[in-house]
Amino acid sequence: MPQSEAKGQRLIALFVLGCLLFNYPVLSLFNVPAEALGVPVLYAYIFAAWALLVALMAFAAESRR
Amino acid sequence: MLQGHIIVLVAFAYLGVLFGIAYYADKRADAGRSIIDNPYIYALSLAVYATAWTFYGSVGRAASDGIGFLPIYLGPTLMIALWWLVMRKIIRISKNNRITSLADFIASRYGKSALLGGLVTVIAVIGILPYISLQLKAIANSYAILLQYPEITMPASAGTAPLGADTAFWIALILATFTIVFGTRHLDAAEHHEGMVAAIAFESLVKLLAFLAVGLFVTYGMYDGVADIFAQARSNPQLSKLLTPLEGVAGGYASWVWLTILSMLAIMFLPRQFQVAVIENKDERHLNKAIWLFPLYMLAINIFVLPIAFGGNLRFPDGNVDADTFVLTLPMAAKQEELALLVFIGGLSAATGMVIVETIALSTMVCNDLVMPVLLRLKGLRLAERRDLTALLLGIRRGAIVLMLMLGYLYFRLAGEAYALVSIGLVSFAAVAQFAPALLGGIFWKGGTRYGAFSGLIAGFTVWGYTLLLPALVRSGWLPAELLEHGPYGIELLKPQQLFGLSGLDQITHAMIWSMIANVGAYAAVSLFGTRDPQEARQASVFVDAYLQGDTPGAPFWRGTASASELHRLLTRFIGADSADSAFREFARNRGLAWPDSKDSALQADANLVYFVEMQLAGAIGAASAHIMVASAVKEEALSIEEVREMLDEASQVIVYSHRLEQKSRELERATEELRGANVRLKELDSLKDDFVATVSHELRTPLTAIRTFSQILRDNPDLEPAERARQLGIVIKESERLTRLINQILDISKLESANVEWNPGPVDMKEIVEDTVSAMSELFKGKNIELYKRVPENVPLVTADLDRIVQVMLNLLSNAEKFCHPRRGKVEIALSEMRGFLRVDVRDNGTGISYADRELIFERFRSAGDSPAGSPHGTGLGLHICRRIVERLAGRIWVESGVPGETCISFTLPLAS
C-alpha cells in the first residue's frame, strides 16, 4: 500500500518536526522576556507551533495522495 | 446562595442525560445502526484523556510553573503522529485476536501467559488507584466550594468528616452504581460498550465548552483580554518570572523532556485510553480524523489555562485560595452563579468520564486476567463444570468496579491531601509507562520473550514503587520521614528520591530515568539471553506480522481432537446459549456448512472451529483464560519443540521433494528432447537409406543393361564380324568389371558403416605405401602415357593408420587421377609433407579441375564433379566417399584444393605416430 506508506512516512516526519519544535534548543530561543501582541513570546510561540503542527497533521492524515 | 439540593439535582440531571445517551446508543447498536462508528465520536472519546486533573489541575500547575503543564498535552500531540504506525497495528492485532484489555494484549503476545496478564492487572490497579481518588477529590472539593457560594473558602482537609457525612464516599458509591449500569449491563462477546463511548464523547464536549466558557469569561469579562492579563502579570514581581519559566521554575529542560515522554506513553497505555482507542474502535480508518482532531481538542482546552492561572494569581494574591480551584473560584468571585454551576458540571463530566472508562477497563482486566484464571485453575470449585458462567463473570466485574472505587476513596481519605492534583496524576502516568517496553517491543520485535516482559515489568514497577510510591507513603505519615532523608538503614546511596546519588532532578524525571533503565534493561537482557516456548514464538509472529495475516488468521499449529458439541457447551456457559448458537451458526454459514440442530456429539471439530471458539471466549474472558478453557475441553496435543521441529522438517522435506521432482521433470524434458532428436535423425537416415538403395539399383542397372544388350546382339547375330564381335565382347567384359567394382565398393561402404569392421591402426610408413601403390599402378599409367612424379622427402615420419585401408585410399586417388587427367599429356604428382603433427599427402592431376561449388559434393555418394547423380562413365561415384570415411575414421582430413584452373589436387592428412 504505497499510499498508506507515504502517509505513515509523512506523519513520522511531522513527529520529528514536533520533537524539534518543542525541545531544547529551539525552545530556548523563545525563552526571553519579550512579547508578541502582548503575550510572552514563549507562550505565543508554543501555541502557534502547536496549531501549525495540528494543521500539518490534518493535511498529512487526510490527504488522499 | 446555591442550595445543596440544587447542585445535587443538577448533577443527577446531568448523569441522567448521560444515561439517556448511553441507552440510546446501545439501542442503536443492537439494531445494527451504530452511532459510534464515526470518526468524530472516536476522536471525542479519546478526549477522556482530559480528566478533572486537566480541568482543575492544569491551571493549578500553570499558576506555579507557567508552561510546566504543557508537556502533558504536547506529548500526546507528538505521539498521535505515530499512531498511523503504532496504534493502527495495535488495533489490527486486537481485532484479529479479540483482545479485551491492555493486560489481555500483553498476556496474549507473550504466549497467552496468565501470569503476565495478572501482573499487568496488578500494576495497572495499583498505579491507577491514586488517579481515581484524584477524581473523587476533585468532585468532592468542587462541590464543597460551590456549596459555600458566594463565600470562597477552601474545604476542610479530607477524611475528617464521618463516613456517612463525607460527600466523597457518596460520590464514590454513586459513580460505582452508575459505572455498573453503564458497563456491565450485559456481557458482550466483543467487549464493546457503545453506550459508554457515546456518553464519553458527549462528556468531552461538555467539559470543553465549560472550560472555554470560563476561559472567555475570565479573559474578557474579568480582564481586558489576554494582553491585559499578561501586562498586569509583568508588573507583579512574583508573577513576571513565570513568563520565561524554562530555567529553574519548571524544572528545566530535562523535566520538560521527560514529562513529554511520559505523557507520550500515557496516551497509549493508560487503561482507559487503551479501552477507547483500541477496544472500542470500530474502524481503523477513524484514525485519519483522530490524528488531528484529538490534538486540536487538547490545544483548545489548554488555550485559556495560562490566562486563568495568571488571572487567578492576580485576583487572589495572598495565596488563601488553592490554585487548583481557580477555574471554579474565579466565576464565584465575580458572582457568576450559573457559570460556576456550569464549571462544576464540566469538572463533573471530566471526572465521571475518567472514572467510568477507567474502572470498566480495569474491571475487565481484573475479571479476565486476574480472577478468572485463578478460579478456573482451582479444581475444588469445579468451575469448569458449571453450566452458566455469564452471571459469575458479570458479578466479578461489578464487584471489581465497587472495590476499585472504594479503594480510590480509601486512598483519598488516607493520602489524598499530601499532593496537588498534577503530582498524583503523574505518579499514575509513570506506573502505566512501565507497560511500554513489553507492549511496543512485543509488536515490533519478535525476540521479546515472556520472561523478558515479566522481568522488565517487575523491575520497572519495583523502581516506580521505590522512587514514587514510597515517598508518597512517607508524606502521608505511614512511614518514617528518615527514609527519605537518609535512605534505608542510613544508606545514603539508596535514598528513594536521589537513587545512587542522582540529584538535581524533579521526582518524576528521577523515577522515570531509573525505572526505564531497569525495565528496558531487564526486558532486553532476559529476552536476548533466555529461551521461549513454541506457543510464544507463534504469538510473537501473530503480533509482529499482523499486517501480513489478513483479517482472519487461521489456526496453523493446532493439533488435537475435540467434539463440536463439547465446544458449543463451553461457549454457552460463558456467553449464554443464544449468543453461542448464533456464533456457531455464523461460523457454519461463513464456511458454507449447516450447523446441525440435533447436537451430534460425534461431530469432530477442526482446527478452525477450535480457534474460532477460543477467539469468541477470548472476547468474553480474555486470551489467557480462554486458552485454559479450550485446552480443558479439547484433547490438545501439546505443541512441543520436537513437534515444531518435526513440522519444520516435514516442510523442508516437502521442499526437497519438490526440488527433486523439478529435477526429474527437467531430466525427463531433456530425455524427450534427445529422443525427438534421435527420431528426426532416424527418419533422415531412413530416407537416406531409401535414396541409397534407389541410387545403387540405378547404378547397377546401367552396366547390367549394357551387358544384356550386347550379349543379346552377340546371340542373335552369330555371323557378326570377328572384329565387331571382339569389340562388343570387350564392352561386356568392361561393364562386368565395372559391376564388380561397384559391388565391391558398396560392400566396402557397408563394412565401413557397420561398427564391427576390424581396424588395425598401427605405425605405417607412408613413403613405402607410396612406392608400392605407384609401382602397382605404373603399368596402367604407362599404357595411357601419363607422367608420374613423386616429391617425397628423405625422412618421412611414421603415421598411425590401418595399412590396408590407406593402400585402398591411395589406389582410389591414383585411379581417379588416372581417369581425370589430361587425355594426351597426362601428368600426375604425388607429394608428402609434414605439417603440425600430421603427414600431408597431395595427389595432383592436370585434368579439367573441379568447380568451387563441387568441392564438397564430390565426397558424397554417387556424386562426381559437374554431373548428375547418375555418375560418369568413368567411375562409380563411391571412391572419394570411401576415402573420406577411411581418412576421417583415422582422425585425418581430406579435401580438394583446386588452385590453378585445369588442375585438381586432392589432399589428405594422417596423424603422426607418437
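Note on naming: letters A, B, ... go to the chains in the order of the sequence lines (proteins, then strands), and numbering restarts at 1 for each one.
- Taking the side chain as every heavy atom from C-beta outward, B:I80 and A:M57 approach each other to under 4.5 Å.
- Rounding to the nearest 0.5 Å places OH of A:Y43 at 5.5 Å from CG of B:L306.
- The heavy-atom pair separating A:V54 from B:P295 by the smallest distance is CG2-CB, 3.6 Å.
- Separation of atoms CH2 (B:W84) and NZ (A:K7) is listed at 4.0 Å; rounding is to 0.5 Å.
- Per-residue counts of heavy-atom pairs under 4.5 Å with chain A were compared for B:L296, B:I291, B:L299; the largest is that of B:L299.
- The distance from atom CH2 of B:W292 to atom CG of A:L56, rounded to the nearest 0.5 Å, is 13.0 Å.
- The parts of B:I303 that come within reach of chain A are both its backbone and its side chain, each placing non-hydrogen atoms under 4.5 angstrom from that chain.
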**Report entry** Test log, rule side-chain contact (heavy atoms from CB on, under 4.5 Å), inputs B:L82 and A:I12
**Finding:** CA-CA 6 Å; B:L82 294 184; A:I12 290 171; 3.9 Å; yes
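- Neither the backbone nor the side chain of A:A60 comes within contact range of chain B, judged by heavy atoms closer than 4.5 Å.
- Within the 4.5 angstrom heavy-atom criterion, no atom of A:L17 approaches chain B.
- With a 4.5 Å cut-off on side-chain heavy atoms, B:P71 and A:F22 do not count as touching.
- Put simply, CG on A:N23 and CG on B:L78 are 8.5 Å apart, with the number rounded to the nearest 0.5 Å.
- For A:L37, the part lying near chain B is the backbone, with the side chain staying farther off; criterion is any non-hydrogen pair under 4.5 Å.
- Note that the CG atom of B:L85 and the CZ atom of A:F15 stand 10.5 Å from one another [nearest 0.5 Å].
- Of the two parts of B:F294, neither the backbone nor the side chain holds a non-hydrogen atom closer than 4.5 Å to a non-hydrogen atom of chain A.
- Residues A:W50 and B:N302 are in side-chain contact: their nearest non-hydrogen atoms beyond the backbone lie under 4.5 Å apart.
- A:I46 contributes atom CD1, which lies 6.5 Å from atom CG of B:L74 (distance to the nearest 0.5 angstrom).
- Only the side chain of B:F310 has a heavy atom closer than 4.5 Å to any heavy atom of chain A.
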